[in-house]
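To start, the structure itself, in structure tokens.
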Protein chains: 2
Amino acid sequence: MNDGDEGTGHTARSKRADARRNEKTLLDAAAAIFVTSGVEAPVRDIAAKAGVGTATIYRHFPTRADLIIAVYRHQVEACAEAGPALLATSATPHAALGRWINLFVDFLVTKHGLAAVLRSDDAGFDALHAYFLDRLVPVCAQLLEAAARSGEIRSGLEAYELMRGVGNLCIGADRDPRYDARRLVELLIAGLRRPH
Amino acid sequence: MNDGDEGTGHTARSKRADARRNEKTLLDAAAAIFVTSGVEAPVRDIAAKAGVGTATIYRHFPTRADLIIAVYRHQVEACAEAGPALLATSATPHAALGRWINLFVDFLVTKHGLAAVLRSDDAGFDALHAYFLDRLVPVCAQLLEAAARSGEIRSGLEAYELMRGVGNLCIGADRDPRYDARRLVELLIAGLRRPH
DNA sequence: GAACAAACGGAACGATGTCCCGTTTGACGA
DNA sequence: TCGTCAAACGGGACATCGTTCCGTTTGTTC
């Protein structure tokens, strides 16, 4: 899709062939580097891997956040789309919420250092932060709301807060065998249950 | 205490007066800078505030972790010592645990960016990491164990893991009014309760 | 007050993110 | 096919920051 025109209605000219080729090459190189060196790998490394100059990266992806978003867009979309599906197929809304959060956690902990840059307290990743929030918070809110309506959980926790908390819990979950983010997230979700 | 000799038995000469003065000046300057710019403020800023050269900082505090430890040592000690006291004066071990965790959270969220460097996934803060763990994990373990013995909580969660999780939840708790780390930590502690 | 080691200050070095500018190259009309 | 030109490129330049080195200053001691 979107292989040429912009959606503005004007007939915007196609990008040059080499530019499109480089964008693809950069995405592949970045994905490979992210796996081996994490999402905070030096820009020069990615440029070298792709065989382009550093300026070319900035031309295609003005901030590192844009590059990260582009690399992981498919998986984030898949996670977002899994929300309603889980809600439809799970026994209870709380079960759906738990399973969906599990998907999210699995995604985060397998992406070297991604959770660490998702934390909002460092500037420069605003676009990444905004993308994750725009895409996933509404899904989480839908699940939370359903679980609240069913009476399974206490209300009063915003989806935004839960997502941030889960993201934070996943920081450093790789590299440390003594730290199991999944278990702590499970405890957090368990703590959501309404005490009866 | 320790205003001169080392404890080795040798008669180690006192440090020079200017060195001792500079160490104090540096601690004050660092504390002030940490409040305004966070614990990751540039070394040059701290040196400038103290009116010394950058090398002087490294001479007194080989790594940034050592400086941070020195600045906050008193408060960490106080937190550690509060553990047994709370256990003795609280109604139940679980209540003591909750109150102690609250102390820890209050400490973290009021120290600009401290929680962010406590996360283990970045190297270079090993000493800081080790200090917090050495000093606080045993206290937390004592509280956890008492609560487990009383049957209030599920067992199986290591104190280390809980401390790391709480620390992670506190990352970025300042700067973001929509994110309340205390509430999430409370949920986590609530999730620890044994379902009956 | 002279000698010596401790301590100092700031320049120097390396790594990294970011930007600039001279050069190359793909697209399109003649 | 070939000339033109803007898009795209590459790599060097600049700024920031952590860290180290080295010539100089200063406290201490005899």
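Letters A, B, ... mirror the listed sequences (proteins, then strands); counts begin at 1.
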When we call it a touch if two heavy atoms are under 4.0 Å apart, what does B:Ala55 touch: a base, just sugar-phosphate, or nothing? base
What's the closest nucleotide to the B:Val43 side chain, out of D:dC9, D:dT28, D:dT19? D:dT19
Under 4.0 Å between any heavy atoms, over every strand shown, what does A:Gly124 touch: base, sugar-phosphate, or nothing? Just pick one. nothing
Considering only side-chain heavy atoms of B:Lys15, which listed nucleotide, C:dA7, D:dT20, D:dG10, is closest? C:dA7
Separation of atom CG in A:Leu67 from atom P in C:dT18, rounded to whole Å: 12 Å
To the nearest angstrom, how far is B:Ile33 atom CD1 from D:dC17 atom P? 12 Å
Report the distance from atom CG of B:Leu26 to atom P of C:dA7, rounded to the nearest whole Å. 13 Å
From OH of B:Tyr58 over to P of C:dG9, roughly how many Å is that when rounded to an integer? 15 Å
Salt bridge flag under 4.0 Å for residues B:Asp28 and B:Lys49: no
What about B:Met163 and B:Ile153, same hydrophobic cluster or not, with Ile/Leu/Val/Met/Phe/Trp/Tyr joined at side-chain heavy-atom distances under 4.5 Å? yes
Please figure out whether B:Thr56 or A:Asp18 has its closest DNA chain C nucleotide nearer the 5' end. B:Thr56
Side-chain atoms of B:Pro42 come closest, of D:dT19, D:dC17, D:dG11, to D:dC17
Where the side chain of B:Arg59 is concerned, which of C:dC8, C:dG26, D:dA8 is the nearest nucleotide? C:dC8
Atom-pair distance (CG on A:Asp45; C1' on C:dG17), nearest Å: 13 Å
Just by distance, no angles: are the side chains of A:Asp176 and B:Tyr160 close enough, under 3.5 Å, to form a donor-acceptor pair? yes
Looking only at N and O atoms, is any donor in the side chain of B:Arg21 or the base of D:dG27 less than 3.5 Å from an acceptor on the other one? no
Going by distance alone, is a donor N or O of one side chain under 3.5 Å from an acceptor N or O of the other, for B:His112 and B:Arg175? yes
Just checking, A:Arg73 and A:Tyr131: is the charged tip under 6.0 Å from the six-membered ring centre and within 45° of the axis? yes
Is there a donor and acceptor pair closer than 3.5 Å between the side chain of B:Arg16 and the base of C:dA6? yes
Protein-nucleotide distance (A:Ile46, atom CD1; C:dT18, atom P), rounded to Å: 11 Å
Is any side-chain N or O of A:Asn22 closer than 4.0 Å to OP1 or OP2 of D:dA8? no
Rounded off to whole Å, could you give me the CZ-to-P distance for the B:Arg64 and D:dC17 pair? 11 Å
Atom CD of A:Glu23 and atom C1' of D:dC9 are separated, to the nearest Å, by 15 Å
Whether A:His60 contacts D:dA8 is assessed here as follows: a side-chain N or O lying under 4.0 Å from the phosphate OP1 or OP2. Is that the case? no
Tell me if the side-chain of B:Arg44 makes a donor-acceptor pair with the base of C:dG10, cut-off 3.5 Å, by modelled atom types. no
Taking all heavy atoms of B:Leu169 and all of A:Asn168, pick out the closest pair and write down the distance. O-ND2, 3.7 Å
Between C:dC19, D:dC9, D:dT28, which one does the side chain of B:Ala17 approach most closely? D:dT28
